[in-house]
*Asks:* 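To start, I am sharing the structure in question, which I have written as structure tokens.
Here, residue 1 is the first one in the sequence, and each next residue gets the next number.
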Amino acid sequence: SCPLMALSQVPSLVHGRLPSSLEEPDEEGIWTPLQLAAAQGNLPEVKALLSQPSSNPNEPPRGYYGQTALQAASLNGHLDVVETLLAAGADVNAPGGNNGGRTALTLAAGAGHFQIVRHLVIAAGADVKQPAHKYVGRTALQAAAEGGHLEILQWLLQHQPVTEINAPPANNRGRTVLQAAAFGGYDDMVEFLLHVGADVNAPPCRYHGVTALQGAAFNGHRTTVLRLLTAGADVNAPGGRYNGYTALAAAAEGGHADIVRLLLDAGADVAMVSGNKNWTALRFAVWRGQKEIVRLLN
């Protein structure tokens with residue numbers, strides 16, 4: 001498979017979205033009636049299901065991408081359902097499904113539901129320091145950064161040690177808080193994170209990882225690239241071991257000639273190879289048919 005697809009194509013539920021049709025759960029049949037009603041924000045149905053003698057507000061996630069009822073309601077912004085489930089004894093810190101393992105707080109933070117984030121932390125005591133699940137997981141801070149939700153990120157930082165800003169990423173497709181913000185090109189957030197001590201040169205995770213500079217270069221975020229270079233980002237930092245990129249290779253792969261020029265001016269080494277393919281930036285550019293970048297690198 002091509003490297004770009006490997007980095008960017010992750011199953012949708014890992015990023016906290018529901019199946020295309022809630023009425024027709026996927027082939028694994030992962031949604032229980034309560035989880036489905038919670039995801040849809042159907043409060044009367046949630047209350048009816050909870051009133052049954054056999055009800056369990058903590059039905060575990062099913063299948064690879066499942067969510068608890070509380071996680072599903074938190075992700076989709078249904079505060080009234082969240083409150084009802086918590087009152088019925090839902091576990092605020094229950095782990096997510098096997099593939100991404102995101103808690104209710106992480107899902108709400110990533111989706112930008114500030115009221116739910118606040119309620120989960122203040123009223124229900126959600127663990128703001130829950131580590132990232134090893135496969136595509138995120139801490140609450142990392143999820144907020146990935147979603148571009150600066151206000152939530154700043155609020156979460158007030159409820160945990162500032163050192164959590166550099167909490168380690170997931171082993172597979174993980175992102176530190178700064179890597180997530182840079183990958184999305186959220187310049188105000190990048191500026192804030194650098195100001196409060198985010199590590200500009202935190203290494204990429206082993207599988208599909210990027211440094212902050214590599215992520216910004218990959219997606220063509222010129223202002224972010226400039227800011228990171230000014231902050232001392234290593235222009236020649238090695239990429240992740242599996243499907244990783246140097247910053248120059250990332251820009252070439254993404255087809256961003258202006259970023260390639262910037263990185264060359266900053267001392268990027270055209271001879272460096274990336275990841276398990278051991279490709280140079282030129283090889284990526286040729287693979288992608290990026291003729292202008294090929295000329296620059298030659």
*Asks:* Side-chain contact test, heavy atoms from C-beta onward, threshold under 4.5 Å: evaluate it for V136 versus R102 and give yes or no.
*Replies:*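 A side-chain contact under 4.5 Å exists here.
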*Asks:* To the nearest 0.5 angstrom, please state how far the CG atom of L229 sits from the CG atom of L263.
*Replies:* 6.0 Å
*Asks:* Short question: side chain of H208, backbone of Y242 - any donor-acceptor pair under 3.5 Å?
*Replies:*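 Not confirmed, H208 side chain does not pair with Y242 backbone.
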*Asks:* Salt bridge check: are E146 and R175 linked by an N-O gap of less than 4.0 Å?
*Replies:*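 Salt bridge between E146 and R175, a charged N being under 4.0 Å from a carboxylate O: no.
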*Asks:* Quick one: pull up CG in D127 and OG1 in T106 and give me the separation to the nearest 0.5 Å.
*Replies:*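 These two atoms lie 9.0 Å from each other.
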*Asks:* What pairs with E45 under salt bridge (Lys or Arg N to Asp or Glu O under 4.0 Å), at least two apart in sequence or on another chain?
*Replies:* none
*Asks:* Could you grab the distance from atom CG of N171 to atom CZ of R206, nearest 0.5 Å is fine?
*Replies:* 9.5 Å
*Asks:* Taking the side chain as C-beta and beyond, is there a heavy-atom pair between F192 and L157 under 4.5 Å?
*Replies:* yes
*Asks:* Report yes if the side chains of H159 and I122 come closer than 4.5 Å at any heavy-atom pair, otherwise no.
*Replies:*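 Yes. Closest side-chain heavy atoms under 4.5 Å.
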*Asks:* Working to the nearest 0.5 angstrom, can you tell me the gap between Q115 CD and E83 CD?
*Replies:* 8.5 Å
*Asks:* Quick one, R222 and I259 - any side-chain contact, counting heavy atoms below 4.5 Å?
*Replies:* yes
*Asks:* Between Q214 and Y245, is there a donor-acceptor pair closer than 3.5 Å when you use the side chain of the first and the backbone of the second?
*Replies:* yes
*Asks:* With sequence neighbours excluded, what pairs up with T246 under the side chain to side chain donor-acceptor pair (under 3.5 Å) test?
*Replies:* none
*Asks:* Please determine which of L248, V235, N236, T280 meets the side chain to side chain contact (heavy atoms under 4.5 Å, CB included) test together with D269.
*Replies:*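 It is N236, the one option of L248, V235, N236, T280 that forms the side chain to side chain contact (heavy atoms under 4.5 Å, CB included) with D269.
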*Asks:* Applying the side chain to side chain contact (heavy atoms under 4.5 Å, CB included) test to L228, which of T223, D234, L213 qualifies?
*Replies:* L213
*Asks:* Answer yes or no: is there a side-chain heavy-atom contact under 4.5 Å between V294 and L282?
*Replies:*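 Sidechains of L282 and V294: in contact.
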*Asks:* Do side-chain atoms of Q67 reach the backbone of S74 as a donor and acceptor pair under 3.5 angstrom?
*Replies:*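 Pair absent, no side-chain N/O of Q67 close to backbone of S74.
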*Asks:* Roughly how far, to the nearest 0.5 Å, is CG of L49 from CG of N56?
*Replies:* 12.0 Å
*Asks:* Measuring only between side-chain heavy atoms, which start at C-beta, is L178 closer than 4.5 Å to L194?
*Replies:* yes
*Asks:* Determine the minimum heavy-atom distance between I293 and A251, stating which atoms define it.
*Replies:* CD1-O, 4.1 Å
*Asks:* Would you indicate whether Y207, at its atom OH, is surrounded by more than 12 heavy atoms from other residues, nucleotides or ligands within a distance under 6.0 Å?
*Replies:*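 Result for OH/Y207: open.
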*Asks:* So V225 and H256, do their side chains get closer than 4.5 Å, heavy atoms only?
*Replies:* no
*Asks:* Is it true that the side chains of T103 and Q130 contain a donor and an acceptor less than 3.5 Å apart?
*Replies:*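 Side-chain D/A pair, T103 to Q130: absent.
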*Asks:* Is there side-chain contact between V46 and L34, with heavy atoms separated by less than 4.5 Å?
*Replies:* yes
*Asks:* Take atom CG of N278 as the centre, draw a 6.0 Å sphere, and report whether it contains more than 12 heavy atoms from other residues, nucleotides or ligands.
*Replies:*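 Yes - once you tally the heavy atoms of other residues, nucleotides and ligands closer than 6.0 Å, there are more than 12.
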